[in-house]
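Read through the structure below, which is laid out as structure tokens, and then see the notes.
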Amino acid sequence: MRRAVTLFSTLVLATTLLAAPGAFAPAQAQNPQQQDGMNPMGTKPTADSVNEEFLFKQADKITGRVSIPDRKSANLIQPQGREYRAFRESWLPWIGGLGILGMIAALGAFFMWRGRILTDDTQESGRKILRFNAFERFAHWMTATCFIILSLSGLNYIFGKRLIMPLIGPDAFGALAQWAKYSHVYLAWPFMLGVVIMVGLWLKDNIPNRIDWAWIKAGGGFLGKGHPHAERFNAGQKGVFWMVAGFGAAMGVTGLMMLFPFTLVDINGMQVMQVIHSLIGIAFIVGILAHIYIGTLGMKGAYDAMGSGEVDLAWARAHHDLWVEKEQAKTASGPQLTGRHPAPAE
Ligand code: HEM
């Protein structure tokens with residue numbers, strides 16, 4: 001009897017297993033979806049209809065309805081925010097870090113290779129020529145001071161949380177970040193004013209011309225030994241001027257959009273502004289690092305132009321010969337020429 005039961009249950013199990021594929025086959029036939037999730041039309045009807053990404057592509061924001069005056073609060077999901085966050089948290093620190101450290105390394109390598117650029121006639125003439133008057137220097141240093149603080153406080157937005165907070169702790173970092181933010185917001189104004197003044201003062205001397213092309217072809221005195229002809233500003237300085245004018249304007253406009261949120265642009269627009277502001281800010285810092293290098297360590301005698309305002313006549317002749325000629329043609333012993341010996345008209 002026990003043997004008969006065992007035989008019977010084995011038969012039942014075997015029959016069930018054999019019948020199973022046949023039992024499931026009709027169900028598969030009713031569902032046209034294949035194993036890869038596609039139907040015979042080549043689409044994924046069920047997957048697409050519930051796909052978040054698909055929905056997000058339909059609108060830049062998914063909004064509800066509110067009855068309070070602040071319509072922004074109806075914004076439920078803003079898909080662009082994900083791309084923005086990915087940029088802000090991973091791309092931006094890499095771009096910033098590599099750009100700034102790359103420029104510092106490049107300047108260091110250039111200094112090792114070329115050394116300090118000296119005037120051919122290393123013997124100073126002892127006579128001075130006025131290169132920038134007090135107002136020009138004031139505008140430059142106001143802009144430069146603001147720029148440096150804006151750069152540091154701007155970099156704190158990108159790197160502070162990662163680099164400074166672990167060192168000083170969250171409380172001290174909170175206080176620091178708050179002051180950095182205040183300085184960023186308030187110093188933006190004198191910076192913008194300084195850029196406008198500098199553009200007004202030096203625009204006429206920065207219009208590109210044929211002399212600049214010849215200066216560039218001659219390597220600007222950086223690569224060879226001699227100093228190519230230059231007017232008040234050489235092609236490299238004109239590049240700095242136009243960078244300051246263009247980047248200054250772009251930083252101002254994008255910064256104002258963020259300073260006055262929702263005035264002209266919505267949340268998506270502000271994220272775009274922030275991306276532009278941070279990328280141009282990095283490029284601006286990288287460019288100004290090169291400018292600071294050449295104005296200090298890179299070239300002997302250059303700093304005097306913005307320090308005391310007066311440069312040695314031999315330096316001026318070597319680096320800005322056409323400008324010196326023009327200045328001297330204006331007046332024989334001109335007010336722009338000062339020093340121990342009055343300069344004769346030459
Ligand atoms: C510590 C920082 C800085 C130093 C040591 C420095 C130094 C100088 C010097 C020596 C000059 C005169 C070059 C000449 O003889 O023509 C100059 C010019 C100039 N600087 Fe600066 N500068 C600094 C920061 C800045 C910043 C932050 C900006 C703008 C954001 C700026 C914008 C300019 C412009 C537009 C000129 C005239 C064009 C040129 O000569 O390149 N400078 N700077």
Side-chain angles (χ1 to χ4, degrees), residues 31 33 37-39 41 43-96 146 149-151 153-162 164-165 169-193 195-196 247-282 284:
N31 183 356
Q33 214 160 316
M38 296 285 195
N39 69 14
M41 305 293 286
T43 57
K44 270 187 184 177
T46 45
D48 278 352
S49 59
V50 292
N51 187 321
E52 249 186 343
E53 291 302 322
F54 177 79
L55 280 178
F56 287 167
K57 280 180 196 140
Q58 307 298 304
D60 60 357
K61 277 186 295 214
I62 295 176
T63 49
R65 260 181 303 166
V66 289
S67 53
I68 57 171
D70 183 6
R71 299 274 164 213
K72 298 190 293 296
S73 60
N75 191 6
L76 290 172
I77 303 175
Q78 189 244 346
Q80 184 189 276
R82 296 172 182 198
E83 287 153 34
Y84 165 74
R85 188 178 53 202
F87 165 79
R88 172 76 178 71
E89 293 303 313
S90 54
W91 283 101
L92 183 58
W94 277 105
I95 295 171
C146 293
I149 300 172
L150 286 168
S151 304
S153 50
L155 290 175
N156 186 52
Y157 285 117
I158 307 177
F159 299 107
K161 190 174 59 180
R162 293 176 176 84
I164 303 178
M165 193 161 81
D171 292 341
F173 178 70
L176 176 88
Q178 192 178 14
W179 282 104
K181 189 206 151 46
Y182 286 151
S183 61
H184 205 79
V185 165
Y186 287 107
L187 292 180
W189 298 98
F191 172 75
M192 289 188 285
L193 178 68
V195 170
V196 170
F247 284 0
M251 293 303 277
V253 170
T254 51
L256 288 172
M257 296 290 173
M258 292 187 280
L259 202 53
F260 299 103
F262 299 103
T263 309
L264 289 180
V265 288
D266 65 357
I267 187 85
N268 288 19
M270 280 191 294
Q271 284 166 355
V272 172
M273 293 298 141
Q274 206 269 330
V275 170
I276 298 172
H277 194 79
S278 52
L279 288 178
I280 293 185
I282 299 282
F284 207 168

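Along the sequence shown, residues are numbered consecutively beginning with 1. The figures that follow rest on heavy atoms only: side chains count, while hydrogens, waters and symmetry mates do not.
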Taking every heavy atom of Ser183 against every heavy atom of Leu150, the minimum-distance pair comes out as O-CD2, 4.2 Å

Shortest non-hydrogen separation from Arg71 to Val66 and the atoms involved: NH1-O, 2.6 Å

How long is the straight-line distance from CE of Met273 back to CG of Leu259, given to the nearest 0.5 Å? 13.5 Å

What is the ring orientation for Tyr186 with Tyr182, classed by angle as parallel under 30°, tilted 30 to 60°, or perpendicular over 60°? tilted

Nearest 0.5 Å, please: how far is CZ in Phe87 from OG in Ser278? 4.0 Å

So how far is it from Ser151 OG to Phe191 CZ, rounded to the nearest 0.5 Å? 8.0 Å

Examine the side chains of Gln271 and Glu83 and answer whether a donor and an acceptor come within less than 3.5 Å of each other. no

Do you know the tightest heavy-atom contact between Arg88 and Ile158? NH1-CA, 4.2 Å

Working to the nearest 0.5 angstrom, can you tell me the gap between Arg85 CZ and Leu92 CG? 15.0 Å

What distance do Thr254 atom OG1 and His277 atom NE2 have between them, rounded to the nearest 0.5 Å? 5.0 Å

Compare every heavy atom of Ser153 with every heavy atom of His184, then report the nearest pair and how far apart it is. ND1-OG, 2.9 Å

Might you work through the side chain to side chain contact (heavy atoms under 4.5 Å, CB included) test for Ile164 and Asn156, ending with a clear yes or no? CA-CA 8 Å; Ile164 303 178; Asn156 186 52; 3.7 Å; yes

To the nearest 0.5 Å, how far apart are CE in Met251 and CG in Leu256? 11.5 Å

Arg162, CZ atom: more than 12 neighbouring heavy atoms under 6.0 Å: yes

Pairwise side-chain contact, Val275 with Tyr84, heavy-atom cut-off 4.5 Å (strictly under): yes

Least distance between heavy atoms, Gln78 atom then Asn268 atom: NE2-OD1, 2.5 Å

Where do Gly96 and Ile282 come nearest, in terms of heavy atoms and distance? CA-CD1, 3.4 Å

Would Lys161 and Phe173 count as a cation-pi pair here, with the cationic atom under 6.0 angstrom from the ring centre and within 45° of the axis? no

